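Quick notes on the structure that follows.
Not measured: the values here are computed from a predicted model. All residue numbers in this chain count up from 1 along the given sequence.
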Amino acid sequence: MGDSPEHWQEIGWDGVTFQLPAAWQATAVRNSYLFFEQDGQPAFEIKWKQINGSFSPDRTLNKIRDALQAAGTVVTSWDIPPALRDSIKNYSLSGFKCVHDQLSSLGLLLFCPSCKLATILRFYGTHLEDSHVLQNVLQSFSDHNEMQDKIWAMYDIRALLPARASLKSPEFLAGRYTLSFELDDSSITLYRFKPAAALLNGKSLEEFGSSLSENALCTESADTWATWKYSASGLDRLAVILGRKTGWIWLRLWHIPGNNVILGVKGSGKKAVQQERLDHIVSNFTALDIP
């Protein structure tokens, strides 16, 4: 595995960020849990949890051991090499080994005393012999930062959202990715459509976005972008107060022909998110040029 950046991918999910070999592809994406495979074989998984109160590595390792052994996995302790320990600073670090049938894995239990997050990382199969990979993953790992935004980076998309935005549901389907968040009293949804040329199939972007815009009307459009807006008025405002109707909708779609992709940001709810915040999300939502 080379050191050049193109051999690695950035992963950001709910406050946790790290880098992985580009050949490792996520096959399970859930809140606080990610699983990656390479060529159909397990490569890496990560799970994290916020800890309230005191944290005991030994007690946590015993729970991990009991759960895995109940599923037929042999679990033993692992003395983490000094080079790996030196790869990650300011964390409590414990190790364990697992063998299930012919599949082996190395596990690491990390605890950050600053943000009180406990994280389990497991490396599978042939990657256990590549200390370079393990070191790079650990060196790139972070479970908190001083920024007001969190990085959300998965597959070929990358976004920045306010740290207080909570993920409601991720959906990664062929041709369409949808990430929905709750932000204060509003919903923020990110869209990614690909291949754009086939999905548009002669339609304008305004026509394509009609299925997403609900009551909003297209107020601005060009060849490669369009904006829809809706704000409740008259009797509709009473329905908003009573919780029966959405008070505002804002949608922006833009087409990136070079990447053959359409990206979108949608906001809706009772009280509108500040336009500056929406513009910030749009300007920091990008797609990599991955075939």
When you check the side-chain N and O atoms of Arg65 and Asn62, is any donor under 3.5 Å from an acceptor?
->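 Note: Arg65 and Asn62 side chains meet the donor-acceptor criterion.
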
Taking atom [atom1] of [X] and atom [atom2] of [Y], what is their separation to the nearest 0.5 Å?
{"X": "Trp48", "Y": "Ile120", "atom1": "CH2", "atom2": "CD1", "value": "12.0 Å"}
{"X": "Gln274", "Y": "Ser186", "atom1": "CD", "atom2": "OG", "value": "11.0 Å"}
{"X": "Ile188", "Y": "Leu167", "atom1": "CD1", "atom2": "CG", "value": "13.0 Å"}
{"X": "Leu134", "Y": "Gln139", "atom1": "CG", "atom2": "CD", "value": "11.0 Å"}
{"X": "Leu20", "Y": "Leu34", "atom1": "CG", "atom2": "CG", "value": "9.0 Å"}
{"X": "Gln19", "Y": "Gln9", "atom1": "CD", "atom2": "CD", "value": "9.5 Å"}

Residues which pass side chain to side chain donor-acceptor pair (under 3.5 Å) with Arg122, listed by chain and number, not counting sequence neighbours |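 Side chain to side chain donor-acceptor pair (under 3.5 Å) check on Arg122 returns Glu45, Ser105, Tyr124.
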
Contact summary for Leu253 and Gly264, nearest pair of heavy atoms =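 Minimum heavy-atom contact is CD2-CA, 3.5 Å.
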
Do Asp149 and Arg277 meet the salt-bridge criterion of a basic N to acidic O distance under 4.0 Å?
->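 Salt bridge present between Arg277 and Asp149.
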
Output all residues satisfying ring-ring contact (aromatic ring centres under 6.0 Å, His included) with Tyr177, sequence neighbours left out; order by chain, then residue number.
->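 ring-ring contact (aromatic ring centres under 6.0 Å, His included) check on Tyr177 returns Tyr155, Phe172.
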
Geometric class of the His132/Trp8 ring pair [parallel <30°, tilted 30-60°, perpendicular >60°] |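 Trp8 vs His132 ring planes: perpendicular.
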
Salt bridge (Lys or Arg N to Asp or Glu O under 4.0 Å) with Asp86: which residues, sequence neighbours excluded?
->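 For Asp86, no residue satisfies salt bridge (Lys or Arg N to Asp or Glu O under 4.0 Å) once neighbours in sequence are set aside.
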
Residue of the set Tyr191, Phe193, Trp228 for which ring-ring contact (aromatic ring centres under 6.0 Å, His included) holds with Phe208 |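 It is Phe193; the other options fail the test.
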
